[in-house]
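First the proteins, then the strands, lettered A, B, ... as listed; each starts at 1.
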Amino acid sequence: MMKSPRFTSRTFIAQLQARNVVTPEQATQIADQLSRTRPDGDPVYLRILTGLAAWVAASLIAFFVITTTHLEILMSTKSIHIGIVTAGVLLMLIGIAIKYGEMDSVFIDQFALALALAGNVLVLGGMFLRSGQPLTTLLITQTAICLLVYPAYADSTYRFIAPLLLVGLAVLWIGTTQRPVLFHLLIAVEMVLAGGLLLHDRRPRALTPLAYAAMVALLATLLLVFGAPVTLFWGTVPMPWLTNLVVGAGVIWLYNHVVGGWTQPSQPWVLVVILSIVLLGVFTNPGILGALGLLIIGYAQDDPILTGIAALFLPYFLFMFYYTMQVDLAYKAAVIAGSGLVLLLTLALLGHMAPEEVRT
Amino acid sequence: MTHSALDETVKVRHIRSLRADGLLAGDAYDTAMSWLRTPADWYAWTRRTLIVVGTALTLAGIVYFFAYNWADMGRFIKLGMIEASIVGCTAAAYLTRRRPLLSQASLISAAGLVGVFLGVYGQVYQTGADTYTLFAAWAVLIAGWVLIGQAVAFWLLWLVVVNTGFALFWAQVGQPALSMPLAQLCLVLAAVNGGALLLFELGVRRGIPWLQHGWMRTLLLAAMLGCLSFPTAIFLLAPAKHVWITTLAAISWVFVAATAQFVYRRRIPNMAALALVVSNEAALFLLFIGDKLFGRPGGWFDDWNLLYFAAMILGTTGGVVAWLRHAASRMEWERIRPT
């Protein structure tokens with residue numbers, strides 16, 4: 001079984017027709033799609049640029065709203081939260097309305113995004129001032145905002161940022177409840193959401209930002225909980241092996257799924273890789289498992305963004321892990337070096353296990 | 001001859017896009033994916049990943065180990081183990097020379113361990129030398145390997161070492177003893193990274209296969225622009241306080257930005273590099289505007305300045321994005337137009 005040959009789009013469509021897996025009409029539609037120069041919208045760096053700019057502008061607009069509408073006068077009363085929440089809701093509605101106007105203008109799109117972000121922040125700010133248990137209230141509020149606004153506001157940047165805000169609040173909430181064991185549940189949810197959405201063949205485009213947000217949230221949570229240089233305010237997370245189990249199982253399922261399974265002919269080498277992941281799952285840090293999982297997804301989907309994020313995350317995680325105080329340096333050295341040696345040993349075994357047909 | 005987008009290589013993300021749009025049904029999708037991701041592809045990718053990640057983790061573990069046992073280890077053990085590792089990695093690089101990725105990983109590991117050796121040497125013998133000498137020696141000692149390594153990651157490591165050496169020289173000698181302004185350091189670093197970028201583009205033009213990595217171009221360009229942007233920002237924000245070299249750095253930035261914009265639009269069309277240059281120009285423009293709005297007396301207390309600046313940010317980035325989209329369309333049309 002040779003490596004995949006390079007198909008041009010033209011020969012690819014011809015091959016599909018020759019195998020009778022597409023009709024001539026479908027072949028024409030596929031050709032139209034593949035001949036478009038930007039089928040997937042703006043490149044990621046343009047989205048990052050517009051997102052950053054909108055975020056800064058949103059902060060300025062939020063401050064402007066608070067100061068020029070004299071909301072600060074209400075600081076002397078108990079009604080300030082009503083004013084701030086109302087202003088926030090209004091800004092979000094205006095942002096959504098502008099987006100529905102479908103004006104083909106980058107400035108208008110960014111302005112709508114800035115309003116939506118500013119409104120989101122103001123609503124959270126108002127609810128924070130209102131509540132005696134602010135973090136619980138913020139968590140519920142942001143959950144409601146995500147459920148209501150995500151379907152209504154078709155902006156990929158907002159759809160990426162809003163769930164991340166929710167996860168950030170969830171991390172803070174778990175930390176303040178002094179039940180760090182809940183982090184295992186959060187990581188499991190993030191992993192299932194990220195893996196399920198990223199690997200879904202017919203994922204609606206509207207859910208793509210949520211998929212990437214879940215992936216970023218998973219990595220950030222793993223870093224905060226298992227790789228942070230300080231213990232933060234939740235202390236050591238009990239039963240760390242639980243996350244190893246969850247993430248390790250996820251990576252095993254993932255690899256088996258994308259490769260096609262070790263029970264197929266010429267696939268026993270897959271079993272070797274899976275066994276090495278099992279071994280890693282016993283003693284390595286979940287951050288390393290998470291990075292491996294992301295690399296697998298990145299290659300499976302031919303997504304340079306995911307691969308790039310995993311490539312950046314792993315060295316950053318190793319750097320941060322060096323300073324984490326939850327375990328001593330000897331244990332850290334054993335974990336990291338041991339993980340590396342397991343992978344290199346697997347490499348050596350692969351050379352003997354793989355049949356000739358996959359080595360070409 | 002007309003070049004069409006249909007003559008481009010089809011990739012997995014195109015297949016997934018077709019599937020998401022409902023243009024490829026289950027059997028057709030499975031068939032297409034079996035062509036583009038065979039078990040042989042996964043085997044090759046698995047091997048590459050195991051080499052890179054396994055080597056990185058093992059090296060990191062060795063660094064951790066040294067850090068843990070530092071106080072208890074005698075000088076000969078400290079130095080001897082590192083030297084043995086360097087020899088071992090070099091031997092591995094030679095023995096696996098017919099497997100490029102494995103050989104390069106071994107040689108890069110050896111180069112990294114040279115830096116560890118020099119650091120440990122300086123700690124053991126307490127020579128009193130400034131840290132910049134460590135990085136200078138490191139760069140010199142591994143230069144030969146970098147030349148024969150034929151790996152862009154190797155050059156990246158070497159450039160990081162060189163840049164760090166220059167920065168430490170400025171911090172430890174240049175500024176305290178010679179009153180060297182920061183702008184001078186920025187110009188030197190910009191020259192180093194700019195020179196590397198020039199050599200990179202020449203190598204790409206000559207078709208050197210191991211240089212065909214677009215991310216290196218973006219990284220070198222970002223480093224060069226970043227080094228020049230800092231003194232330029234000082235020039236814009238505090239014109240009364242700078243020295244002549246700050247002006248020189250600002251002029252250099254103008255020249256480099258204009259040249260890069262021309263080159264990556266007309267000569268070596270590259271959207272990522274073009275976006276980087278234009279974004280850098282926009283960032284400095286906004287910095288200038290922000291200083292004019294908030295830098296004057298009472299600027300921070302004028303609420304309307306917040307709204308003006310928000311509008312400026314949105315307008316500037318909107319203009320940048322619109323221009324980049326237009327440039328992308330033009331570049332694509334120029335690429336596929338009949339010749």
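- For Met271(B), the parts lying under 4.5 angstrom from a heavy atom of chain A are both the backbone and the side chain.
- The structure places CZ of Phe65(B) at 15.0 Å from CD1 of Ile336(A), a figure rounded to the nearest 0.5 Å.
- Screening Leu350(A), Val273(A), Val270(A) against Tyr43(B) for a side chain to side chain contact (heavy atoms under 4.5 Å, CB included) leaves a single residue, Leu350(A).
- The contact between Thr55(B) and chain A is made by backbone and side chain atoms together, counting heavy-atom distances below 4.5 Å.
- With a threshold of 4.5 angstrom between heavy atoms, Leu276(B) does not approach chain A through any atom at all.
- Not one N or O on the side chain of Arg19(B) forms a donor-acceptor pair closer than 3.5 Å with the backbone of Arg203(A).
- The part of Leu292(A) that comes within reach of chain B is its side chain, from C-beta onward, which places non-hydrogen atoms under 4.5 angstrom from that chain.
- Of the atoms belonging to Thr317(B), heavy atoms from both backbone and side chain fall under 4.5 Å from chain A.
- Inter-residue side-chain proximity for Phe309(B) and Phe64(A) is flagged as unmet; no heavy-atom pair is nearer than 4.5 Å.
- The shortest distance between side-chain heavy atoms of Val320(B) and Leu46(A) does not fall below 4.5 Å.
- Contacts between Thr50(A) and chain B at a heavy-atom distance below 4.5 Å involve the side chain alone, from C-beta outward.
- Contacts of Ile30(A) with chain B are made by both backbone and side-chain atoms, with heavy-atom separations under 4.5 Å.
- Using a distance-only test at 3.5 Å, with no hydrogens or angles considered, a donor-acceptor pair links the side chain of Arg37(B) to the main chain of Tyr299(A).
- Between Ile313(B) and Trp55(A), the closest side-chain pair of non-hydrogen atoms is not below 4.5 Å.
- Looking at Leu314(B), the atoms closer than 4.5 Å to chain A (heavy atoms on both sides) sit in the backbone and in the side chain alike.
- Contacts of Ala114(A) with chain B are made by side-chain atoms alone, with heavy-atom separations under 4.5 Å and no backbone atom involved.
- Rounding to the nearest 0.5 angstrom, the gap separating the CG atom in Leu60(A) from the CG atom in Asn305(B) is 10.5 Å.
- Only the side chain of Leu24(B) comes within less than 4.5 Å of a heavy atom in chain A; its backbone stays farther off.
- The part of Ile288(A) that comes within reach of chain B is its side chain, from C-beta onward, which places non-hydrogen atoms under 4.5 angstrom from that chain.
- If you measure heavy-atom distances from Ala58(A) to chain B, you find no contacts under 4.5 Å at all.
- Only the backbone of Ala311(B) comes within contact range of chain A, judged by heavy atoms closer than 4.5 Å.
- Judged purely by distance below 3.5 Å, without hydrogens or angles, the side chains of Tyr45(A) and Ser279(B) never pair a donor atom with an acceptor atom.
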